[in-house]
Amino acid sequence: MNQDKQNSSEIKRSLMEGFHLLTPRQRLDRMRAISGLDDEDVAILSGDSALPTSVAEHLIENVVGYFQIPLGVATNFNIDGKDLLIPMAVEETSIIAAASASAKWIRKDGSIRTYSKGSLIIGQIQLPSVQNVVRARQLLHESRDVLIEQGNLCIPGIVARGGGIRDLAIRELPRADGQGTMLVIHVLADPCDAMGANLINQVCEFLKPVIEDLTSEKVGMCILSNLVDGKLAGAEVVIRNVEEKLGRGIEEATHFAKSDPYRAATHNKGVMNGIDPILIATGNDWRAVESGIHSFASRTGRLQPITDWRLEGRDLVGRIEVPMAVGTVGGVTKLHPTARVALKMLGVSRAEDLARVCVAVGLVQNLAALKALSTVGIVKGHMQLHAANLAIAAGATVHEIPEMRTRLSAVLKNEKTINLTRARQVLHDLRQEGF
Ligand code: MEV
């Protein structure tokens with residue numbers, strides 16, 4: 001590492017120190033220094049001035065307002081040797097704290113490396129009941145190049161940027177109702193830095209009449225597939241010299257998830273706890289990514305965990321590799337001001353880089369959950385942080401919340417559980433005392 005790079009890394013690190021102890025305003029000031037955000041960016045992130053409904057009007061129909069969820073920042077991440085602040089829009093209390101704590105552990109004792117594999121998204125053109133399968137296949141095969149050329153005509157922008165349709169694949173499927181054979185044409189396209197849903201759907205619909213004319217067969221549905229197995233992102237976390245008991249516990253958590261789909265579902269949810277908040281913060285379609293990842297995790301016919309943790313010698317090694325169709329252009333990414341600033345904060349302009357950050361954070365989030373589950377359990381940390389929510393739900397005022405947090409933490413320590421009824425009692429007592 002050269003001197004300048006090291007200095008800038010140290011400055012960033014020191015600016016991240018104690019981030020959670022600051023007020024939101026102080027955090028924004030630090031982020032201005034770390035991420036090069038300007039006054040306008042900071043004003044957008046602060047959420048102090050509501051977005052005009054005119055923005056929402058462009059996004060969906062029948063707009064009445066906004067549903068706000070907190071936007072936070074996970075700290076301590078060093079991914080592929082680069083210090084990053086991770087924007088996360090999420091309502092679940094302990095997620096950002098857990099991700100930041102695990103990232104700190106890795107920063108101290110290990111590393112996070114990422115990669116991407118493939119760049120092709122899939123559009124499906126379905127021929128539901130083919131009369132002459134051999135003839136249709138033959139014609140489609142012979143016209144492959146012409147179809148690719150024609151399809152590319154309707155996405156000139158992407159083609160100009162170096163993307164576009166790369167290949168066609170024909171799949172032959174027996175109909176589930178036993179009534180003959182279905183052909184499904186996969187249009188494989190490189191969407192560059194877009195997620196690509198709109199472009200691939202347009203291509204498929206554009207090719208529909210062309211294919212009907214060519215084959216004299218009827219085309220049914222034209223739509224992208226969310227099982228984007230030609231566009232994967234992966235990450236590897238290595239932590240050196242991990243205490244054997246802890247490492248074995250985390251390894252055992254992977255075995256549990258591999259053996260039991262009920263556990264795999266929860267294990268994978270813990271990974272998505274890290275991925276979805278980034279997708280939301282950056283204006284990406286998190287339903288599409290969720291769908292892709294869960295179907296990929298079930299591709300053997302049995303739900304599997306999407307991460308794998310092993311103790312290799314004295315090192316704990318975690319791996320993830322999943323479909324990740326995200327964009328840094330198109331969709332809402334540039335329309336939504338907060339999404340635009342979140343991307344700026346991350347410092348990523350290429351979709352591939354965003355995908356790599358997402359899987360890295362998902363893997364680290366998973367580590368945080370498995371570490372807690374295989375040692376003290378999840379309740380302690382989670383409920384500790386949840387105390388503020390309970391205080392608010394019980395009706396505490398801003399002035400009462402800090403004292404309520406302290407008292408509820410004591411209740412949790414002594415009674416091993418807290419709930420809303422107990423929080424109401426604590427608030428009642430506090431007011432009786434004239435606090
Ligand atoms: C809670 O949001 C996520 C966990 O259930 C994940 C897991 O069990 O691995 C803690």
Side-chain angles (χ1 to χ4, degrees), residues 20 69-74 77 86-106 112 234-237 239 242 245-281 286-287 289-291 293-294 296-298 302-311 316-322 358-390 393 412 416-420:
H20 64 290
I69 54 175
L71 175 70
V73 176
F77 275 86
I86 312 291
M88 299 179 89
V90 68
E91 85 303 341
E92 191 175 324
T93 315
S94 51
I95 285 180
I96 293 182
S100 303
S102 283
K104 193 170 186 179
W105 181 26
I106 300 165
I112 308 173
E236 182 181 84
V237 163
I239 312 179
V242 171
K245 190 163 167 238
L246 176 62
R248 291 268 170 250
I250 293 171
E251 192 177 54
E252 178 57 25
T254 307
H255 290 310
F256 184 7
K258 282 184 181 167
S259 312
D260 179 6
Y262 283 89
R263 174 57 206 155
T266 324
H267 178 106
N268 292 346
K269 192 272 182 180
V271 181
M272 299 316 295
N273 274 349
I275 296 177
D276 282 340
I278 307 175
L279 298 176
I280 296 171
W286 74 94
R287 288 91 52 213
V289 174
E290 282 267 355
S291 168
I293 290 183
H294 297 306
F296 188 72
S298 313
R302 184 187 171 86
L303 182 67
Q304 286 293 299
I306 53 176
T307 66
D308 184 25
W309 289 95
R310 285 163 204 222
L311 203 51
L316 179 65
V317 182
R319 296 188 179 91
I320 182 171
E321 187 177 280
V322 285
C358 287
V359 290
V361 177
L363 185 60
V364 172
Q365 194 80 52
N366 173 240
L367 172 65
L370 301 188
K371 182 172 180 240
L373 288 166
S374 55
T375 53
V376 291
I378 211 81
V379 172
K380 188 167 166 260
H382 187 79
M383 291 312 280
Q384 198 88 30
L385 290 166
H386 190 54
N389 294 358
L390 280 178
L412 181 64
K416 306 285 175 240
T417 155
I418 39 171
N419 54 40
L420 186 56

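We count ligands from 1, going down the list as the structure has it; atoms in each ligand are counted the same way.
Here the side chains of Val317 and Trp309 are not in contact, with every heavy-atom distance at 4.5 Å or above. Residues Leu363 and Leu367 are not in side-chain contact: their nearest non-hydrogen atoms beyond the backbone lie 4.5 Å or more apart.
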As a test of reading the model: which N/O atoms of the protein lie under 3.5 Å from N/O atoms of ligand 1, and at what distance?
residue  : atom  : partner : partner atom : Å
ligand 1 : 2 (O) : Glu92   : OE1          : 3.3
ligand 1 : 2 (O) : Glu92   : OE2          : 2.7
ligand 1 : 2 (O) : Lys269  : NZ           : 2.7
ligand 1 : 2 (O) : Asn273  : ND2          : 2.9
ligand 1 : 8 (O) : Arg263  : NH1          : 2.8
ligand 1 : 8 (O) : Arg263  : NH2          : 3.4
ligand 1 : 9 (O) : Arg263  : NH2          : 2.8

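The side-chain hydrogen bond (donor to acceptor under 3.5 Å, both in side chains) search around Ser291 returns none, not counting sequence neighbours. By the salt bridge (charged side-chain N to carboxylate O under 4.0 Å, His left out) test, Lys104 is found to be paired with no residue, residues two or more places apart in sequence or in another chain being considered. Take Glu290 and apply the salt bridge (charged side-chain N to carboxylate O under 4.0 Å, His left out) test, not counting sequence neighbours, and it matches no residue.
With respect to Glu251 and Arg310, no salt bridge is recorded, no charged nitrogen being found less than 4.0 Å from a carboxylate O.
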